[in-house]
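Only one structure is covered here, and it is reproduced in the block below.
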Amino acid sequence: MNRTEIIKKIPGLNLKTVADSGQCFRMTENDPGVFILFSGAHALRIFQKGNLFRFECSEKEFAGVWQDYFDLHTDYRKIVRTVDPADAWLSDAVKQADGLRVLKQDFFETLITFIISQQNNIPRIKRCVGLLCERYGKRKRRSGIGEYSAFPEVEVLAAADEKDLLSCNLGYRARYVKEASAQIEKGEADLRALQKMSDAEAKAELLQLTGVGTKVADCVMLFALHRIDSFPVDTHIRQMLAEHYPDGFPFERYEGFSGILQQFLFYSEIHKEKKPV
DNA sequence: TGACAGGTACATG
DNA sequence: CATGTACCTGTC
């Protein structure tokens, strides 16, 4: 169980901002600057001090999993520079959410967690997802982290008893979780197939799944398929757009990556109280 | 107490 | 296609 440690200097990554961004539900700061996160069956402990990161994993795992997960190939500073300086609202959001990235998360986990997210708040979503993993996920162990539960397999959730699922406090979403899992198991919205589709085709495919509407589909598109032109509109974003972009958000200016700006805007919305108006 | 939380399914005009 | 309502659960 010898794990190498990877030391990297990464400008433009702030793990705390990522952890508090609401796009992932299994990433926590255990001690100051020390983060533990899970994605699918993977687990990782990372240390951050300024621009310096220590990933507790092998070179192979870093290259095979986490480099993509954190989207380290994309230069976010370049995206930030495209922001219209005259757009004070967006400029401020981008400044406030400095170090935020759009993760490339596990497809099935993203689908299920965002089905759970509907009409729900972040602390409760995290609790539900945690319960789901404990109840249905494989037990695993990793040095530095200890025992943990992987995200449940498709077949397990598809076969789960709906009453059992309810014990994870899913409420009416339990049925959605089970049915969507069963659909995935049958080969609907197959990941490999989705990856070959256009944005519109992939989204249409996702919308076939029970419990998946426009908003959840856009989240899966953005956070799992990395279709960064997907711009999920939830109640926060809707209100923000109405208030600050009464004539419409300038999607044309940010075509091809507007979803990344959505994340900055969303972050600034859910951390509003700390933000000067 | 009732509205609301990162919506969606389902039923109507 | 636009609008309306019920829905688990927890919190303020």
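Residue numbers start from 1 in every chain, and the chains themselves are labelled A, B, ... in the order their sequence lines are given, proteins ahead of strands. Keep in mind that the numbers below use all heavy atoms, side chains included, and drop hydrogens, waters and symmetry copies. Here the structure is a predicted model, which means the values were calculated and not measured.
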[atom1]-based separation of [M] from [N] [nearest Å]:
| N | M | atom1 | value |
| --- | --- | --- | --- |
| dT8(B) | dT11(C) | P | 24 Å |
| dG10(C) | dA9(B) | C1' | 23 Å |
| dA5(B) | dT3(C) | C1' | 22 Å |

Quiz item: When every nucleotide of nucleotides 7-13 of chain B is labelled 5' to 3' by its protein contacts under 4.0 Å (heavy atoms), B for base, S for sugar-phosphate only, - for none, what sequence of letters results?
Solution: BSSS---
Exercise. List in chain and number order the residues that pass ring pair (Phe, Tyr, Trp, His ring centres under 6.0 Å) with Phe70(A), two or more places apart in sequence or in another chain; answer none if no residue qualifies.
Key: none
Practice problem: State which residues pass ring pair (Phe, Tyr, Trp, His ring centres under 6.0 Å) with Tyr267(A); sequence neighbours excluded, sorted by chain then number. | Solution: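 Only His271(A) meet the ring pair (Phe, Tyr, Trp, His ring centres under 6.0 Å) criterion with Tyr267(A).
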So [X], base contact, sugar-phosphate only, or nothing? Heavy-atom distance under 4.0 Å.
| X | value |
| --- | --- |
| Cys219(A) | base |
| Gln23(A) | base |
| Ser21(A) | base |
| Phe25(A) | nothing |

Quiz item: Pairs counted as Watson-Crick or G-U wobble with both distances under 3.5 Å: what dot-bracket string results for DNA chain C, using | for bases tied to another strand?
Solution: |||||||.||||
Quiz prompt | Glu188(A): side-chain hydrogen bond (donor to acceptor under 3.5 Å, both in side chains) partners, not counting sequence neighbours | solution = Gln183(A)
Practice problem: Under the side-chain contact (heavy atoms from CB on, under 4.5 Å) rule, collect the residues that match up with Ser117(A), sequence neighbours excluded. | Solution: Phe114(A), Ile125(A), Lys215(A)
Could I get the full list of salt bridge (Lys or Arg N to Asp or Glu O under 4.0 Å) partners for [X], not counting sequence neighbours?
| X | result |
| --- | --- |
| Asp106(A) | none |
| Arg192(A) | none |
| Arg45(A) | Glu56(A) |

Quiz item: Do Phe231(A) and Phe251(A) have ring centroids that are under 6.0 Å from one another?
Solution: yes
